[in-house]
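Keep in mind that this is a model prediction, so the values were computed, not measured.
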Amino acid sequence: MSKVRPISGFPEWLPSERIIEQHFLDVIRETFELHGFASIQTRAVEPIERLSSQGEDTDKEIYAISRLAAGMHDTGHTSPDARLGLHFDLTVPFARYVLENAGKLTFPFRRYQIQQVWRGERPQEGRFREFTQCDIDIVDVGALAPQYEAELPLVIAEAFSKLPIGPFRIQVNNRKIPEGFYLGIGLTDVQTMLRIVDKLDKIGPEAVHDLMVASGATSEQASAALALAQINTPDESFVDQVQALGVQHETLAQGLAELAAVIRVGAEHASGLMVADLKVARGLDYYTGTVYETQLIGAESYGSICSGGRYDALASDGRTTYPGVGISIGLSRLLAKVMPTLSASRSTPSCVLVALADESDRARGMGVATALRKRGIACEVAPVAAKFGKQIMFAQRRGIPFVWFQASGEQGTSPDNGPGKDSVKDIRSGDQVEASSGSWMPPAEDLRPRVIA
């Protein structure tokens, strides 16, 4: 057999880490559902021509798929324009899903989607080739009410406030602000300039300035664009700061008004968690209005762990357009950062190990386990009828807090339980009490594994 070698960029958690991930998933899912978002799941592949040309050099990141055996092709997928690729985010497949199911959906449609996505980029800290995203979107027919652009970051703020991730900040901008500003100073290649400014945190202002000049801007225009990007306020004062730069444009004025409305709602319902940050651009071309990024305070260099924005034309069949706004938690990226600071109270769901004095006790032991499981207590039966000390050591290694001893005839199977009585032992404290599988309950904090910060 060939030697097994890890493949970089494809995270796999250990059981205790997976418990932490599942806790995050549970909290996020429950929060999404509390806000009325319905769950959907889309296929893993989309036609490559739909995935490509979305900006941010996505065509370089798409994993194409094909049949391994030469000459074996799926009917209908042999033409070059029908090649398939793994989706690199969940927004593009969601837009396709809306178009295909529009007649069966009720609008405005609120959906959440938790799935894996794939990107063919160089693996590095917090960046993977396969990772989990947790998305929420709201789409409508023809027009989308602006209040939804303020609602989505509040949902994220609620979810993150329930998780042990430390302080965070949701940065909000509106694409119309830089677009209108750039047009107002004479820059016409808006998309290119947005992509360059989106690299500001990665490469710094000098490199951004040089890239803008190399892409057709004058030095004065690049400096003005950087002055705009440096504006960051926790309130609506950004409006005055932008106006002080002396640039006039209708699109700029519209963007300022829309962003002010979002920040106003954020200040009322999530004080201190949302800021207007005018350097946030988002590289994907389909964003048309409000855009979001989220950073962990104290780890700003790590980049965004949650991002998204408004898109007006991504879902359109030529007759009807379904504008939407969405935001996505990069769960794998978030976990990679906070996992070293967290631990699970145990590495298994099992709360109880049912001990065996002899293999002849296994049938009754399975009955005890069944009775406990019916009452929501996770348990397992000992793998072998070894000495009790060895079975207790097995439970300790697994992190199982309780060991159940069955009664046998006139003598208990444990030296500490009474005649004909089952007992359960907390192997951490040594306390042992008589117990019935129909009534005993562990302390609430031991019923399920806990995440410890």
Side-chain angles (χ1 to χ4, degrees), residues 24 28 31-32 37 54-58 61 87-95 111-119 121 124-128 131-138 148-160 163 165 168-178 191 194-202 229 232 259 262-263 266 270 273-297 299-311 314 324-338:
F24 275 60
I28 291 168
T31 304
F32 289 172
F37 291 89
Q54 299 294 345
E56 213 175 45
D57 295 325
T58 52
E61 299 182 351
H87 55 226
F88 62 84
D89 73 0
L90 298 178
T91 305
V92 172
F94 172 59
R111 88 79 159 88
Y112 80 86
Q113 191 170 348
I114 299 176
Q115 280 186 240
Q116 288 179 309
V117 300
W118 296 268
R119 292 187 186 178
E121 59 182 351
Q124 52 188 301
E125 184 187 19
R127 291 194 174 275
F128 306 103
F131 53 97
T132 301
Q133 288 191 179
C134 308
D135 285 25
I136 48 173
D137 285 76
I138 302 174
Y148 298 127
E149 296 174 46
E151 179 181 351
L152 293 196
L154 295 178
V155 178
I156 297 301
E158 181 178 327
F160 280 176
L163 293 170
I165 65 172
F168 61 91
R169 181 185 298 112
I170 301 175
Q171 304 153 289
V172 191
N173 195 8
N174 191 299
R175 287 277 286 260
K176 295 175 184 177
I177 294 174
Q191 293 299 334
L194 282 170
R195 291 184 202 134
I196 293 172
V197 171
D198 194 45
K199 303 177 187 293
L200 185 58
D201 281 340
K202 298 178 183 177
N232 182 310
L259 180 57
V262 173
I263 295 300
L273 296 181
M274 290 171 57
V275 299
D277 190 334
L278 303 195
K279 72 175 181 296
V280 175
R282 304 299 304 146
L284 291 167
D285 290 349
Y286 54 68
Y287 291 125
T288 56
T290 300
V291 286
Y292 318 98
E293 288 189 350
T294 307
Q295 292 183 338
L296 298 174
I297 296 175
E300 288 81 2
S301 62
Y302 191 68
S304 180
I305 49 136
C306 176
S307 57
R310 176 165 180 146
Y311 46 92
L314 184 61
V325 61
I327 194 165
S328 173
I329 299 171
L331 181 62
S332 301
R333 179 172 173 78
L334 172 60
L335 285 171
K337 186 62 178 177
V338 302

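Residues that satisfy the ring pair (Phe, Tyr, Trp, His ring centres under 6.0 Å) test with F128, not counting sequence neighbours, are absent from this structure. Q295 pairs by the side chain to side chain contact (heavy atoms under 4.5 Å, CB included) definition with Q171, D201, E300, not counting sequence neighbours.
The distance from atom CG of L259 to atom CD1 of I177, rounded to the nearest 0.5 Å, is 4.5 Å. Separating the CG atom in N174 from the CD1 atom in I263 is a distance of 10.5 Å, to the nearest 0.5 Å. Between the CZ atom in F94 and the CG atom in D137 there is a gap of 5.0 Å [rounded to 0.5 Å]. Annotation: the span from R111 atom CZ to I138 atom CD1 amounts to 11.0 Å, rounded to 0.5 Å. Here the OG1-CG distance, from T91 to D135, works out to 5.0 Å after rounding to the nearest 0.5 Å. One distance of note links CG of L152 with CZ of F37; it measures 5.5 Å at 0.5 Å rounding.
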So L163 and I28, side-chain contact (heavy atoms from CB on, under 4.5 Å) or not? Walk me through it. CA-CA 9 Å; L163 293 170; I28 291 168; 4.2 Å; yes
Stepwise side-chain contact (heavy atoms from CB on, under 4.5 Å) test for E149 and Y292: CA-CA 10 Å; E149 296 174 46; Y292 318 98; 3.8 Å; yes
I would like to know whether H87 and V92 meet side-chain contact (heavy atoms from CB on, under 4.5 Å); could you show each step before the answer? CA-CA 8 Å; H87 55 226; V92 172; over 6 Å; no
Using the side-chain hydrogen bond (donor to acceptor under 3.5 Å, both in side chains) rule, take Y287 and N173 through it: C-alpha gap first, then chi angles, then the decisive distance, then the call. CA-CA 11 Å; Y287 291 125; N173 195 8; over 6 Å; no
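Between Q133 and S328, the shortest heavy-atom distance links the atoms NE2-OG, 3.2 Å. When all heavy atoms of L154 and A150 are compared, the pair lying nearest together is CG-O, 3.3 Å. Among all heavy-atom pairs drawn from L194 and A281, the shortest one is O-CB, 3.6 Å.
A side chain to side chain contact (heavy atoms under 4.5 Å, CB included) with C306 is found for exactly one of I327, L334, L331, I170, namely I327.
Taking 4.5 Å as the limit, some side-chain heavy atom of K337 sits within range of a side-chain heavy atom of E125. I329 places none of its side-chain heavy atoms less than 4.5 Å from the side chain of F24. Residues E293 and D198 meet the side-chain proximity criterion, which asks for heavy atoms closer than 4.5 Å.
A donor-acceptor distance shorter than 3.5 angstrom exists from the side chain of R175 to the backbone of R282, with no hydrogens or angles considered. A donor-acceptor pair under 3.5 Å links the side-chain atoms of R119 to the main chain of F88, judged by distance alone. Judged by distance alone, with hydrogens and angles left aside, the side-chain atoms of S332 form a donor-acceptor pair with the main-chain N or O of T132 at under 3.5 Å.
Between Y112 and F32, the two ring planes are tilted [angle within 30° to 60°]. Relative ring orientation between F168 and F160 is described as perpendicular, the plane-to-plane angle rising above 60° on a 0-90° scale split at 30° and 60°.
A salt bridge links R195 with D285: at least one charged nitrogen is closer than 4.0 Å to a carboxylate oxygen.
Counting only N and O atoms by type, the side chains of E158 and T31 include no donor and acceptor under 3.5 Å apart.
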